[in-house]
Amino acid sequence: MKTPNQALKFHNRILRRRRKADVFLLNEADFRFAADCERMRVDRNRSVLSLLLIRLPKKRSAEKDIAFLARILEGRLRITDTPGLYDDDCVGVLLPDTPAEGAWKVAEDVSEVYPPGPDRPECQVLTYPDQHPPRKEEIGDDEGAAVGVRETRLADEETSDWFFSVATPLWKRAIDVTGATVGLMLTAPLILTAAAAIKATSKGPVFFLQEREGRGGKRFKILKLRTMRTDAEKKKADLRPLSQQDGPAFKLRRDPRTTRVGRFLRWTSMDELPQFWNVLRGEMSLVGPRPLPVDESQACLGWQRRRLSVAPGMTCTWQVSARGNVMFDDWVRMDLNYADKKSLLKDAKLIVMTLPSLLLNKGMR
């Protein structure tokens, strides 16, 4: 992240650019940074930010077409609005203190400049914090007649969390695939031994699947060796007041739902080994913020959900240095620091530190 002085210089550069039509649009990197700045401002003052994405048809996305769209926006936007390139054929506009209705009005005004038909750009509006209610769909019978209505979750690409997320770098993905493949091969005997112990000592499945939120809020099923009784999820609400971790995360040093074998697996973190499979699937990374269950993740404050900007990981700064020994806000700050300054060297260091920390750290598991 840039320092406050760098952010001020960046803001002044934007204002200077507004006076020159040929550089009216920020490049993709500067637009992303401007979006992050606006997001942090909203987190502080609890206002609203709308993101207008204008995608030009493929045959109308040449440089001259982008320049024409820039001239339209220059005559329509306020001085506080920030336009920039989002990708090759898409222009984004940051509309601070503007609800979705206002953003759609801008979209309509821009679209009306183009003649009706296939040459008109497609517009999409995202809001931060997300204001869109779940989409409602009609349910039909075998003959197509409507018999009811159900709510469905918005697609990940239709949420602001996904907009603010960052794709996993190629170097990191290569390490993930290699590391997860080797990890599965080396730990397969341990996983099989643990699976046999679970099956012999308690009723229920060997593996436990739980829905969690990953990069950009995208949900996935995390894979773990089962360490608790099969009714554990039902009892979580009753135990919630006893949580020894502040904030939305739920942690107990001696969770009564844990089985005898499960206590050992959780203490050694062997229950996490099957997550090498999640890494291979691209849902997780070897290093990254630990993914929270959906209900806990959605209970996070806006600034805390910035941890979803990168792929979740099997290990992280909190895991190796402060597990169960820090306030939730500090836990999140560790995640944000990693997300802002991730590097090959930092990933390697955290991977090397993981095993000693699991053996020596007495924090909650």
Side-chain angles (χ1 to χ4, degrees), residues 10 13-14 17-18 20-42 48-132 135 154-170 215-218 306 308-311:
F10 173 80
R13 189 165 74 247
I14 291 176
R17 287 183 175 188
R18 293 294 175 80
K20 300 172 66 177
D22 59 332
V23 287
F24 182 68
L25 299 178
L26 298 180
N27 62 42
E28 188 171 343
D30 282 350
F31 181 70
R32 283 283 185 178
F33 179 68
D36 287 336
C37 290
E38 286 294 342
R39 183 187 190 185
M40 287 187 281
R41 185 184 67 82
V42 169
V48 63
L49 170 69
S50 282
L51 305 158
L52 171 59
L53 302 180
I54 307 171
R55 190 170 299 279
L56 295 169
K58 288 291 184 182
K59 63 179 182 178
R60 298 291 184 185
S61 57
E63 187 174 341
K64 62 181 180 62
D65 299 304
I66 298 290
F68 177 69
L69 176 56
R71 290 195 296 273
I72 296 172
L73 291 172
E74 187 175 17
R76 174 61 179 81
L77 299 181
R78 305 165 299 182
I79 190 66
T80 54
D81 301 332
T82 304
L85 298 175
Y86 179 59
D87 57 32
D88 292 340
D89 60 351
C90 185
V91 170
V93 183
L94 304 174
L95 301 165
D97 303 311
T98 304
E101 294 80 5
W104 278 117
K105 181 62 172 66
V106 176
E108 291 172 5
D109 292 345
V110 170
S111 296
E112 287 176 356
V113 176
Y114 294 83
D119 289 344
R120 271 194 171 178
E122 293 183 0
C123 296
Q124 181 182 5
V125 171
L126 309 177
T127 53
Y128 180 80
D130 287 313
Q131 295 178 327
H132 301 293
R135 184 185 288 116
L154 290 172
D156 297 305
E157 61 272 14
E158 295 176 322
T159 67
S160 59
D161 282 328
W162 186 257
F163 173 86
F164 286 111
S165 67
V166 180
T168 302
L170 290 178
R215 181 171 77 88
K218 186 174 183 179
R306 285 179 52 217
L308 300 178
S309 63
V310 296

A.B. asks: When you measure from the side chain of Asp65 to the backbone of Ala62, do you find a donor-acceptor pair of N or O atoms at a distance under 3.5 Å?
C.D. replies: yes
A.B. asks: Quick one: does Leu77's side chain get under 4.5 Å of Leu95's, heavy atoms only?
C.D. replies: yes
A.B. asks: Measuring only between side-chain heavy atoms, which start at C-beta, is Leu56 closer than 4.5 Å to Glu122?
C.D. replies: no
A.B. asks: If a pair satisfies ring pair (Phe, Tyr, Trp, His ring centres under 6.0 Å) and one of its residues is in residues 60-85, list it, with sequence neighbours excluded.
C.D. replies: Phe68-Tyr114
A.B. asks: Check step by step if salt bridge (charged side-chain N to carboxylate O under 4.0 Å, His left out) holds for Asp97 and Arg78.
C.D. replies: CA-CA 12 Å; Asp97 303 311; Arg78 305 165 299 182; over 6 Å; no
A.B. asks: Is there a donor-acceptor pair closer than 3.5 Å between any side-chain N or O of Ser309 and the backbone N or O of Val166?
C.D. replies: no
A.B. asks: Does the side chain of Arg306 reach to within under 4.5 Å of the side chain of Phe164, using non-hydrogen atoms?
C.D. replies: no
A.B. asks: Can you name the residues that form a side chain to side chain donor-acceptor pair (under 3.5 Å) with Arg41, not counting sequence neighbours?
C.D. replies: Glu38
A.B. asks: Among residues at least two apart in sequence or on other chains, which ones pass side-chain contact (heavy atoms from CB on, under 4.5 Å) with Leu53?
C.D. replies: Tyr86, Cys90, Gln124, Leu126, Phe163
A.B. asks: Report yes if the side chains of Leu51 and Val125 come closer than 4.5 Å at any heavy-atom pair, otherwise no.
C.D. replies: no
A.B. asks: Indicate the atoms forming the closest heavy-atom contact of Pro121 with Ile54, along with that distance.
C.D. replies: CB-CG2, 3.6 Å
A.B. asks: Which residues satisfy the salt bridge (charged side-chain N to carboxylate O under 4.0 Å, His left out) test with Arg76, sequence neighbours excluded?
C.D. replies: Asp109
A.B. asks: Test salt bridge (charged side-chain N to carboxylate O under 4.0 Å, His left out) on Lys218 and Asp161; report intermediate values, then the result.
C.D. replies: CA-CA 9 Å; Lys218 186 174 183 179; Asp161 282 328; over 6 Å; no
A.B. asks: Please report the closest heavy-atom contact between Cys123 and Leu52, naming both atoms and the distance.
C.D. replies: CB-CD1, 4.1 Å
A.B. asks: State which residues pass side chain to side chain donor-acceptor pair (under 3.5 Å) with Ser165; sequence neighbours excluded, sorted by chain then number.
C.D. replies: Arg215
A.B. asks: Just verifying a value: how many Å separate Arg39 CZ and Leu49 CG, rounded to the nearest 0.5 Å?
C.D. replies: 10.0 Å
A.B. asks: Go through the structure and list residues passing side-chain contact (heavy atoms from CB on, under 4.5 Å) with Pro169, not counting sequence neighbours.
C.D. replies: Trp171, Lys172, Lys342
A.B. asks: Do Thr168 and Val310 have side chains that approach each other closer than 4.5 Å (heavy atoms only, starting at C-beta)?
C.D. replies: no
A.B. asks: Under the rule for salt bridge (charged side-chain N to carboxylate O under 4.0 Å, His left out), what residues qualify as partners of Lys58, not counting sequence neighbours?
C.D. replies: Asp89
